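Model, not experiment: these values are computed from the prediction. Labels below follow one simple rule: chain letters A, B, ... track the order of the sequence lines, proteins then strands, and each chain is numbered from 1.
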Protein chains: 2
Amino acid sequence: MNREFYKLKTAVIKAIANPTRLMIIDCLREGEKTVSEIIEIIEDEQSNVSKNLGILKSQGLIKDRKAGLNVYYTLKICCINEFFCCLDNIISEKFKHQQNLINTLSNN
Amino acid sequence: MNREFYKLKTAVIKAIANPTRLMIIDCLREGEKTVSEIIEIIEDEQSNVSKNLGILKSQGLIKDRKAGLNVYYTLKICCINEFFCCLDNIISEKFKHQQNLINTLSNN
DNA sequence: AAACTATATGACTATATTGGAATATTATCA
DNA sequence: TGATAATATTCCAATATAGTCATATAGTTT
């Protein structure tokens, strides 16, 4: 097992392992957006959004296009839908499991 | 946008955003394994492997089964293959891009 | 050129995550 | 019961990451 390769993969995954960046990705799924538009949608600080866009870009997850004062960002990951679908399954499984625990406890 | 929901998702993603845990997941893709087997394959500290197994389990990504002194772990995520396939694409794109940059620079 | 607008960057503090060493727990076996 | 084996847990120092505030940059408009 090559630890270096796993670190590379980890860097990419870490880029999506953050609520702000997940929100950015989600709002880019609708299509290209400027930084201002993203800020308005996710209701966050300008500097924070900008910084997190930089992190996503540095990992090759989004790309940008400058036009005058604006910078337009787009998703570069085609497989993102499958991934989030998988994620939703995991989360609903988790909830189901917790709900079962709660039910079991309240029956005793 | 519901920040709490994004935090939940983030917790799951964070669970795979670590080299040791990625290695664990990869070696569980071959099938059920005991902790000792995992330790031997990924060549890591016992306490570290055990701890990271706990993190993966707490996020519903793996499950365990006790048998005598041993604990067997299995993957619970069916969609893991698609995800890693996607990840590999992103990484190879990144490398391609960096290679292009290097080529461009060395041609000047 | 000065004022303005959109975005990026830097410095900073708070918080989270990391892996290792030591120790605890639990089951098995003699 | 005492020794041993497999796994989990706790404590800790080092490092990484988060977001905020202030400032910088770069393009636009007047």
Side-chain angles (χ1 to χ4, degrees), chain A residues 1-25 27-28 32-74, chain B residues 1-25 27-28 32-74:
Chain A
M1 292 224 168
N2 176 357
R3 239 160 236 279
E4 283 312 307
F5 185 54
Y6 283 95
K7 278 193 191 166
L8 270 178
K9 287 200 182 191
T10 299
V12 176
I13 303 174
K14 276 189 175 167
I16 56 175
N18 169 283
T20 306
R21 294 195 290 272
L22 272 191
M23 290 172 92
I24 292 175
I25 289 176
C27 90
L28 287 182
E32 191 182 56
K33 293 220 164 41
T34 67
V35 181
S36 311
E37 287 170 335
I38 298 169
I39 289 169
E40 198 177 346
I41 294 171
I42 76 175
E43 296 172 316
D44 205 336
E45 286 284 322
Q46 182 270 322
S47 66
N48 195 32
V49 171
S50 182
K51 217 177 293 186
N52 283 310
L53 282 165
I55 291 171
L56 289 170
K57 188 185 162 190
S58 75
Q59 293 304 323
L61 299 169
I62 59 177
K63 65 183 173 201
D64 62 347
R65 169 175 81 79
K66 275 155 221 199
L69 278 174
N70 297 304
V71 180
Y72 291 86
Y73 281 94
T74 339
Chain B
M1 292 225 169
N2 176 356
R3 239 161 236 280
E4 283 313 306
F5 186 55
Y6 283 95
K7 277 193 192 167
L8 269 178
K9 287 199 181 190
T10 300
V12 176
I13 303 175
K14 275 189 176 169
I16 56 175
N18 169 283
T20 306
R21 295 194 290 271
L22 273 190
M23 290 171 92
I24 291 175
I25 289 175
C27 90
L28 287 182
E32 193 182 53
K33 294 218 162 43
T34 67
V35 181
S36 311
E37 287 170 334
I38 298 169
I39 289 168
E40 198 177 346
I41 294 172
I42 77 175
E43 295 172 315
D44 206 334
E45 285 286 322
Q46 183 270 323
S47 68
N48 195 32
V49 171
S50 181
K51 214 179 300 181
N52 284 311
L53 282 166
I55 292 171
L56 289 170
K57 187 184 162 192
S58 75
Q59 292 305 322
L61 299 170
I62 59 178
K63 65 184 173 200
D64 63 346
R65 170 175 82 79
K66 275 154 221 197
L69 277 176
N70 297 305
V71 180
Y72 291 85
Y73 282 94
T74 341

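Between A/V71 and A/L53 the shortest side-chain heavy-atom distance does not fall below 4.5 Å. You'll find the side chain of A/L8 stays beyond 4.5 Å of the side chain of A/V12, heavy atoms only. Under the 4.5 Å side-chain criterion, counting only non-hydrogen atoms from C-beta, B/I38 is in contact with B/L28. A 4.5 Å side-chain heavy-atom check between B/K14 and A/N18 finds every atom pair outside the cut-off.
For the pair B/E37 CD and D/dT7 P, the computed distance is 9 Å after rounding to whole Å. Rounded to an integer number of Å, the gap from A/I55 CD1 to D/dA16 C1' is 11 Å. The nearest whole Å value for the distance from the NZ atom in B/K51 to the P atom in C/dA16 is 17 Å. Atoms CD1 (A/I13) and P (D/dA16) sit 18 Å apart, rounded to a whole Å. Taking atom CG of residue A/D44 and atom P of nucleotide C/dT7, one finds them 15 Å apart after rounding to whole Å. Rounded to an integer number of Å, the gap from CG of B/N18 to C1' of C/dG19 is 10 Å. One interatomic measurement links the two molecules: CG of B/N52 to P of C/dT18, which rounds to 7 Å at whole-angstrom precision. Separating the CG atom of B/L22 from the C1' atom of C/dT17 is a distance of 15 Å, rounded to the nearest angstrom.
Salt-bridge annotation for A/D44 and A/K51: absent, with no side-chain N of the basic residue lying under 4.0 Å from a carboxylate O of the acidic one.
Nearest nucleotide to the side chain of B/Q46, out of C/dT7, D/dT20, D/dA8: D/dA8. The nucleotide whose nearest atom lies closest to any side-chain atom of A/L53 is, among D/dC11, D/dG19, C/dA8, C/dA8. You'll find that the side chain of A/K14 is closest to D/dT17, out of C/dA8, D/dT17, C/dG20. Closest to the B/E45 side chain, of the nucleotides D/dA6, C/dA21, C/dA8, is C/dA21. For A/S50, the side-chain atoms get nearest to C/dT9 when compared with the rest of C/dT9, D/dG19, D/dA6. Minimum atom distance to the side chain of A/S36 is reached by C/dA6, of the listed C/dA6, D/dA18, C/dA8.
Each of A/T20 and B/V71 has a nearest nucleotide on DNA chain D; the 5'-most of these lies closest to B/V71. Along DNA chain D, the nucleotide nearest A/R21 and the nucleotide nearest A/A67 are compared for position; the residue whose nucleotide lies closer to the 5' end is A/R21. Residue A/L69 is the one, among A/L69 and A/S47, whose nearest nucleotide of DNA chain C lies closer to the 5' end (criterion: closest heavy atom).
Between A/N70 and C/dT5, a side-chain N or O to OP1/OP2 separation shorter than 4.0 Å is absent. Contact between the side-chain N/O atoms of A/N48 and the OP1/OP2 oxygens of D/dA18 is not found at any separation under 4.0 Å. Look at A/Y72 and you won't find any side-chain N or O under 4.0 angstrom from OP1 or OP2 of C/dT7.
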